[in-house]
Amino acid sequence: QVQLVESGGGLVQAGDSLSVSCAASGDSLTYFAMGWFRQAPGKEREFVAVIEWTGTRTYYTDSVNGRFTISKEYGDSTTYLQMNSLKPEDTAVYYCAAGRFNSVLSGMDSRLYDYWGQGTQVTVSS
């Protein structure tokens, strides 16, 4: 079994930066890609970013591309999401997830993930 725990959420102002992290414990996630999703009130959960298991390839949804950076070191059990130039529309509960798939583009599909964290709230005030 694998446990994922997100941390680092909070309340910030528009234009600020914030970093959230996802710590994994339990079975090894060496060959798992790690993704970040978010869910705003009244909306469906949406893909944010994914990083493949080697930590070399990433993919982002258009709305955060250039502002957010997902990272992890090979063999490291923690995944990070650095969020810059935050906007009020970035307000959501952010979830990390782990899954095994070959193409980083597949990471947009939430159904391919095996493990999910409980989420951390990010609120951006205008």
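Worth knowing before you read on, the calculation uses all heavy atoms, side chains too, and leaves out hydrogens, waters and symmetry mates.
- In summary, the side chains of Thr56 and Thr54 do present a donor paired with an acceptor at a separation below 3.5 Å, with no hydrogens or angles considered.
- Shortest non-hydrogen contact noted between Gln39 and Lys43 is NE2-O, 3.0 Å.
- A cation-pi arrangement, defined by a distance under 6.0 Å to the six-membered ring centre and an angle within 45 degrees of its axis, is absent between Arg38 and Tyr95.
- In this structure, Phe47 and Trp36 have side chains that are not in contact, with every pair of non-hydrogen atoms separated by 4.5 Å or more.
- The minimum heavy-atom distance between Ser126 and Pro88, with the atom names listed, is CB-CG, 3.8 Å.
- Using modelled atom types and a 3.5 Å distance limit, the side chains of Thr91 and Glu89 yield no donor-acceptor pair.
- Summarising the geometry, atom CZ belonging to Arg100 is positioned 14.0 Å from atom OG belonging to Ser106; distances are rounded to the nearest 0.5 Å.
- At least one donor-acceptor pair closer than 3.5 Å links the side chain of Asp16 to the backbone N or O of Gln13.
- Not a single donor-acceptor pair under 3.5 Å links the side chain of Asp114 to the backbone N or O of Gly99.
- With rounding to the nearest 0.5 angstrom, the CG atom of Leu29 is 10.5 Å from the OG1 atom of Thr78.
- Side-chain atoms of Tyr80 and Lys72, non-hydrogen and from C-beta on, never get closer than 4.5 Å to each other.
- Only one option out of Val20, Val93, Leu11 pairs with Gln121 in a side-chain contact (heavy atoms from CB on, under 4.5 Å); it is Val93.
- A heavy-atom distance below 4.5 Å is not found between the side chains of Trp53 and Val104.
- The shortest heavy-atom contact between Asp90 and Ser85 is OD2-O, 4.4 Å.
- Using modelled atom types, one side-chain atom of Glu6 and one backbone atom of Cys96 make a donor-acceptor pair closer than 3.5 Å.
- Contact of the Met34 side chain with the Glu52 side chain is not registered, since no non-hydrogen atoms from C-beta on lie closer than 4.5 Å.
- Using bins of under 30°, 30° to 60° and over 60° for the plane-to-plane angle, the ring pair Phe32/Tyr115 lands in the tilted bin.
- Between Tyr113 and Phe37, the ring-plane angle classifies as perpendicular under the 30° and 60° cut-offs.
- What you find for Val50 and Ala33 is that their closest heavy atoms are CG2-CB, 4.3 Å.
- Taking each heavy atom of Ser17 and Asn84 in turn, the nearest pair found is OG-OD1, 2.9 Å.
- From Cys22, atom SG reaches atom CD1 of Ile70 across 9.0 Å, with rounding to the nearest 0.5 Å.
- Remark: Phe101 CZ to Met108 CE distance equals 10.0 Å, nearest 0.5 Å.
- In this structure the side chain of Leu81 reaches within 4.5 angstrom of the side chain of Phe68, judged on heavy atoms.
- Residue Met83 is tested with Val12, Val64, Val124, Leu18 for a side-chain contact (heavy atoms from CB on, under 4.5 Å); the sole match is Leu18.
- The closest side-chain heavy-atom distance from Trp116 to Leu4 is not below 4.5 Å.
- The cluster map of Ile, Leu, Val, Met, Phe, Trp and Tyr, joined by side-chain heavy atoms under 4.5 Å apart, puts Leu105 and Leu112 in the same cluster.
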